[in-house]
**Student:** 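I'd like to ask some things about the structure below.
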Amino acid sequence: MAKLAKLDDIVSLCKRRGFIFQSSEIYGGLASCYDYGPLGVELKRNVREAWWKDVVRMRDDVVGLDCSILMHPLVWKSSGHADKFADLVTVCKKCNTRTRVDHLEDHADEHTEHVPVETALVDAADLDKKVCPNCKTVGKFSEPMAFKLMFETQMGANADDTMTLFLRPETAQGIFANFRNVMDSTRVKIPFGIAQIGKSFRNEVTTKAFIFRTREFEQAELEFFCKPGTDEEWYEHWKQRRFQWYIDHGIKAENLRFRDHDPDELAHYAKACVDVEYKFPFGSGDWQELEGIANRTDFDLRQHQRGMRTINDWHEAGGDLQKITLKDEDPEYFKGPLSYFDEQAKERYIPYVIEPSAGIDRSTLAFLVDAYDEEEVDGKTRNVLRFHPTIAPVKAAVFPLVKKHGMPEFATKIANDLKSSFSCFYDQKGAIGRRYRRQDEAGTPYCITVDGDSMEDNTVTLRERDSMEQTRVSADQLKSLLIEKLGL
RNA sequence: GCGGGUGUAGCUCAGCGGUAGAGCGUCACGUUGCCAACGUGAAUGUCGUGAGUUCGAAUCUCAUCACCCGCUCCA
């Protein structure tokens with residue numbers, strides 16, 4: 001049982017079988033962007049739907065949402081992204097190590113917090129006194145470089161009259177911005193959650209490792225609103241729930257773990273945060289984050305209440321985010337527009353939020369890597385993707401043993417019948433063994449073969465991907481049998 | 001952004017100044033009839049891109065793009 005050792009092998013497999021291609025490849029590629037091919041799009045769609053089923057559809061306390069990617073600029077002022085998501089970075093000329101200006105020694109206390117640009121600029125003015133954390137050299141720094149972590153775009157066709165907008169760096173803020181809409185329209189009662197899957201964009205300083213860290217990526221996020229005081233138990237609930245989801249969909253337990261954030265690593269608003277990590281075969285075989293589960297407290301909703309109070313200032317400043325500061329909170333903020341009235345306790349409060357935030361692309365890669373296997377069969381290597389049936393891009397393939405004697409017609413009929421229930425592939429070309437192996441490499445759990453006897457007794461051969469075992473089953477019972485075996 | 005490495009057929013790679021190759025895969029026909037079968041035949045290359053050196057560049061030089069590894073960075 002060999003396992004993929006190098007990322008190159010994964011990239012190669014993905015391209016060869018049509019899972020993932022580099023974006024714009026015919027033009028030499030575009031950094032950090034990837035496309036999902038015919039098998040990849042099915043796989044990714046299944047991952048997405050498995051998440052949605054578990055987090056939304058099977059629960060009574062979570063509803064879905066699909067926000068626009070472009071949102072009002074004040075959303076990002078309130079969330080903190082607009083002025084805190086820009087870091088100044090400098091390079092030590094002595095050892096060539098790059099460090100964030102606010103990470104330089106003497107200022108290392110709050111090293112997970114992004115500092116407003118203005119503050120960073122002031123700090124940057126006297127880099128002469130700073131010490132390189134790597135080589136301890138003093139004051140040999142390059143001119144600080146600013147990184148804009150949000151993508152900008154222009155809204156408005158008239159070039160003279162456009163508004164600068166940001167592509168969202170996370171889907172979560174769209175949920176907070178719709179908190180009241182959802183409450184007003186769905187009769188949900190706390191505790192409840194709002195879930196969303198969608199694209200986000202971040203100008204990461206460096207991208208990494210195939211589709212693991214890309215600048216355009218897809219997130220599956222849940223904001224689960226609960227009463228302050230119950231937040232810790234809900235945090236624990238989602239922590240366990242989300243970990244189990246990966247196991248239930250085929251990830252081997254030994255490749256999965258939790259990593260709690262240290263208190264000094266936490267964002268200033270987070271009370272607790274844990275990562276679900278997968279042992280990817282790249283880097284130095286390192287554990288890498290698939291999902292973060294955070295207790296965000298009441299920070300976000302309170303921030304947006306401040307943002308709502310700032311809207312007039314924004315208009316007066318001509319829409320320039322740099323010229324405005326968020327208004328202070330009302331002393332009675334807990335009675336504000338984004339508060340919740342608890343009918344039973346007869347009290348009003350800003351709910352706490354537990355946020356499981358998963359990377360769809362990352363999980364898709366993890367499912368792909370984890371499913372990959374090679375085994376020796378009669379001295380030859382069999383490549384097989386042992387996908388859990390739920391996420392397998394194709395559930396079943398139907399073959400006529402040979403393409404004559406009415407077998408293709410019989411097999412086509414079966415395939416068409418199965419297609420109405422799940423993804424099914426028909427293939428009549430080439431040797432039967434080759435067709436089996438091709439499906440193994442695509443991760444198809446079952447193959448059905450029609451032979452000479454099928455027309456006589458209405459039975460077909462059902463072949464299992466993992467064991468390669470074959471059983472004879474009645475064509476009439478095939479569909480219900482497969483639905484049962486696939487767990488659909 | 002720094003350092004190292006790599007870009008040649010769909011994939012893996014050879015070729016390293018003188019006509020662009022192999023294996024696998026793909027396709028067609030025939031045969032076969034349950035695990036990458038056999039035979040015959042076929043298609044497929046801006047040698048990442050652009051300049052330069054040269055009589056001549058996949059090969060040498062420079063630039064550039066992309067990917068990988070390591071720093072760095074990373075709600």
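In what follows, every heavy atom counts, from backbone to side chain, and hydrogens, waters and symmetry copies are set aside. All chains are named by letter (A, B, ...) in the order of the sequence lines, taking the proteins before the strands, and each is independently numbered beginning at 1.
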**Student:** I want to check one thing: is the phosphate of B/A36, taken as OP1 and OP2, less than 4.0 Å away from some side-chain N or O of A/Thr381?
**Tutor:** no
**Student:** Is there a side-chain contact between A/Arg465 and A/Thr444 in this structure, where contact means two heavy atoms from C-beta onward sitting under 4.5 Å apart?
**Tutor:** no
**Student:** Between B/G56 and B/A66, how far is it from one P atom to the other, in whole Å?
**Tutor:**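 To the nearest whole Å, 32 Å.
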**Student:** By the 4.0 Å heavy-atom rule, please label A/Asn383 as base, sugar-phosphate, or nothing.
**Tutor:** base
**Student:** Using a 4.0 Å heavy-atom cut-off, does A/Ser32 contact any base of the nucleic acid, only the sugar-phosphate backbone, or nothing at all?
**Tutor:** sugar-phosphate
**Student:** Is any side-chain heavy atom of A/Leu43 closer than 4.5 Å to a side-chain heavy atom of A/Thr364?
**Tutor:**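 Yes; the side chains approach each other to less than 4.5 Å.
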**Student:** CD of A/Glu469: more than 12 outside heavy atoms within 6.0 angstrom?
**Tutor:**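 Open.
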**Student:** Think A/Gln470 has a side-chain N or O under 4.0 angstrom from the OP1 or OP2 of B/C35?
**Tutor:** no
**Student:** Give the C-alpha distance, both sets of side-chain angles, the deciding distance and a yes or no for side-chain contact (heavy atoms from CB on, under 4.5 Å) between A/Leu149 and A/Arg202.
**Tutor:** CA-CA 6 Å; A/Leu149 294 189; A/Arg202 294 181 196 175; 5.7 Å; no
**Student:** When both hydrogen-bonding distances must be under 3.5 Å and the geometry is Watson-Crick or G-U wobble, what is B/G7 paired with, if anything?
**Tutor:**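 Checking every strand shown, B/G7 finds its partner in B/C65, with both distances under 3.5 Å.
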**Student:** What's A/Leu401 touching, base or sugar-phosphate or nothing? Going by heavy atoms closer than 4.0 Å.
**Tutor:**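 Result for A/Leu401 = base.
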**Student:** In terms of the nearest nucleotide of RNA chain B, which residue is placed more toward the 5' end: A/Glu469 or A/Arg438?
**Tutor:** A/Arg438
**Student:** Assign A/Phe21 to base, sugar-phosphate, or nothing according to its heavy-atom contacts below 4.0 angstrom with the strands shown.
**Tutor:**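 Result for A/Phe21 = nothing.
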**Student:** Contact class for A/Ile26 (heavy atom, under 4.0 Å): base, sugar-phosphate, or nothing?
**Tutor:** base
**Student:** When the C1' atoms of B/A57 and B/G50 are considered, how many whole Å apart are they?
**Tutor:**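 Result for the C1' pair: 14 Å, nearest Å.
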**Student:** The side chain of A/Lys15 lies closest to which of these nucleotides: B/G10, B/C34, B/C29?
**Tutor:** B/G10
**Student:** What does B/A58 pair with, Watson-Crick or G-U, if both distances are under 3.5 Å?
**Tutor:** none
**Student:** With a 4.0 Å cut-off, would you call A/Asp275 and A/Arg259 a salt bridge?
**Tutor:** yes
**Student:** Is the shortest distance from a Lys or Arg side-chain nitrogen in A/Arg382 or A/Glu441 to a carboxylate oxygen in the other one below 4.0 Å?
**Tutor:** no
**Student:** Going by purine N1 to pyrimidine N3 plus the second Watson-Crick contact, or the G-U wobble pair, all under 3.5 Å, which nucleotide sits opposite B/C29?
**Tutor:**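 B/G39 is the nucleotide pairing with B/C29.
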**Student:** Counting the atoms with a prime plus P, OP1 and OP2 as sugar-phosphate, which does A/Glu25 contact under 4.0 Å by heavy atoms, base, sugar-phosphate, or nothing?
**Tutor:** nothing
**Student:** Let's test this: given Watson-Crick or G-U wobble pairing with both distances under 3.5 Å, identify the partner of B/C16.
**Tutor:** none
**Student:** Touch check for A/Ala431, heavy atoms < 4.0 angstrom, all strands: base, sugar-phosphate only, or nothing?
**Tutor:** base
**Student:** Which base sits across from B/C34 as a Watson-Crick or G-U pair, both distances under 3.5 Å?
**Tutor:** none
**Student:** Within the structure shown, what part of the strands sits under 4.0 Å from A/Ser12 by heavy-atom distance: base, sugar-phosphate, or nothing?
**Tutor:** sugar-phosphate
**Student:** Taking only the P atom of each, what is the distance from B/U6 to B/C62 in whole angstrom?
**Tutor:**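 My reading of the P atoms in B/U6 and B/C62 gives 14 Å.
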**Student:** Pick base, sugar-phosphate or nothing for A/Gly292, based on heavy-atom distances below 4.0 Å to the nucleic acid.
**Tutor:** nothing
**Student:** Do A/Asp466 and A/Arg386 meet the salt-bridge criterion of a basic N to acidic O distance under 4.0 Å?
**Tutor:**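 Looking at A/Asp466 together with A/Arg386, the answer is yes, because their closest N to O distance falls below 4.0 Å.
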**Student:** Given the P atoms of B/A22 and B/G41, what is the spacing between them in whole Å?
**Tutor:**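 It comes out at 14 Å once rounded to the nearest Å.
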**Student:** Taking atom P in both B/A36 and B/C24, what distance in whole Å separates the two?
**Tutor:**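 Roughly 15 Å separates the two P atoms.
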**Student:** Taking any strand in view, what nucleotide pairs with B/C47 in a Watson-Crick or G-U wobble way, both distances under 3.5 Å?
**Tutor:**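 When the pairing criteria are applied, nothing turns out to pair with B/C47, so the answer is none.
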**Student:** Checking all strands, does A/Arg213 fall into the base, sugar-phosphate, or nothing category for heavy-atom contacts under 4.0 angstrom?
**Tutor:** base
**Student:** What's the CG-P distance between A/Leu13 and B/C68, to the nearest Å?
**Tutor:**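 About 16 Å, once rounded to whole Å.
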**Student:** What distance, rounded to whole Å, do you find between the two C1' atoms, one in B/C47 and one in B/A9?
**Tutor:** 10 Å
**Student:** Tell whether A/Tyr436 reaches the base of B/C34 with its side chain through a donor-acceptor pair below 3.5 angstrom.
**Tutor:**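 Pair found.
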**Student:** Which one is paired to B/C71, where only Watson-Crick or G-U wobble pairs with both distances under 3.5 angstrom count?
**Tutor:**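 Because both required distances fall under 3.5 Å, B/C71 counts as paired with B/G1.
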**Student:** May I ask you to say whether A/Arg257 pairs ionically with A/Glu277, meaning some side-chain N is under 4.0 Å from a carboxylate O?
**Tutor:**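 Answer for the salt bridge query: yes.
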**Student:** Mind checking if A/Phe210 touches a base, just sugar-phosphate, or nothing, with heavy atoms under 4.0 Å?
**Tutor:** sugar-phosphate
**Student:** May I ask you to verify if any side-chain N or O of A/Arg434 is less than 4.0 angstrom from the OP1 or OP2 atom of B/C34?
**Tutor:**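 No, because none of the side-chain N or O atoms of A/Arg434 sits under 4.0 Å from OP1 or OP2 of B/C34.
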**Student:** Considering only the P atoms, how many Å lie between B/G15 and B/C69, rounded to the nearest integer?
**Tutor:** 25 Å
**Student:** Base, sugar-phosphate, or nothing: which does A/Arg296 touch, judged by heavy atoms less than 4.0 Å apart?
**Tutor:** nothing
**Student:** Send over the distance from A/Arg17 CZ to B/U26 C1', rounded to a whole Å.
**Tutor:** 11 Å
**Student:** What about A/Arg463, does its side chain sit under 3.5 Å from the base of B/C35 through a donor-acceptor pair?
**Tutor:** yes
**Student:** At less than 3.5 Å, do the side-chain atoms of A/Asp451 and the base atoms of B/C34 form a donor-acceptor pair?
**Tutor:** yes
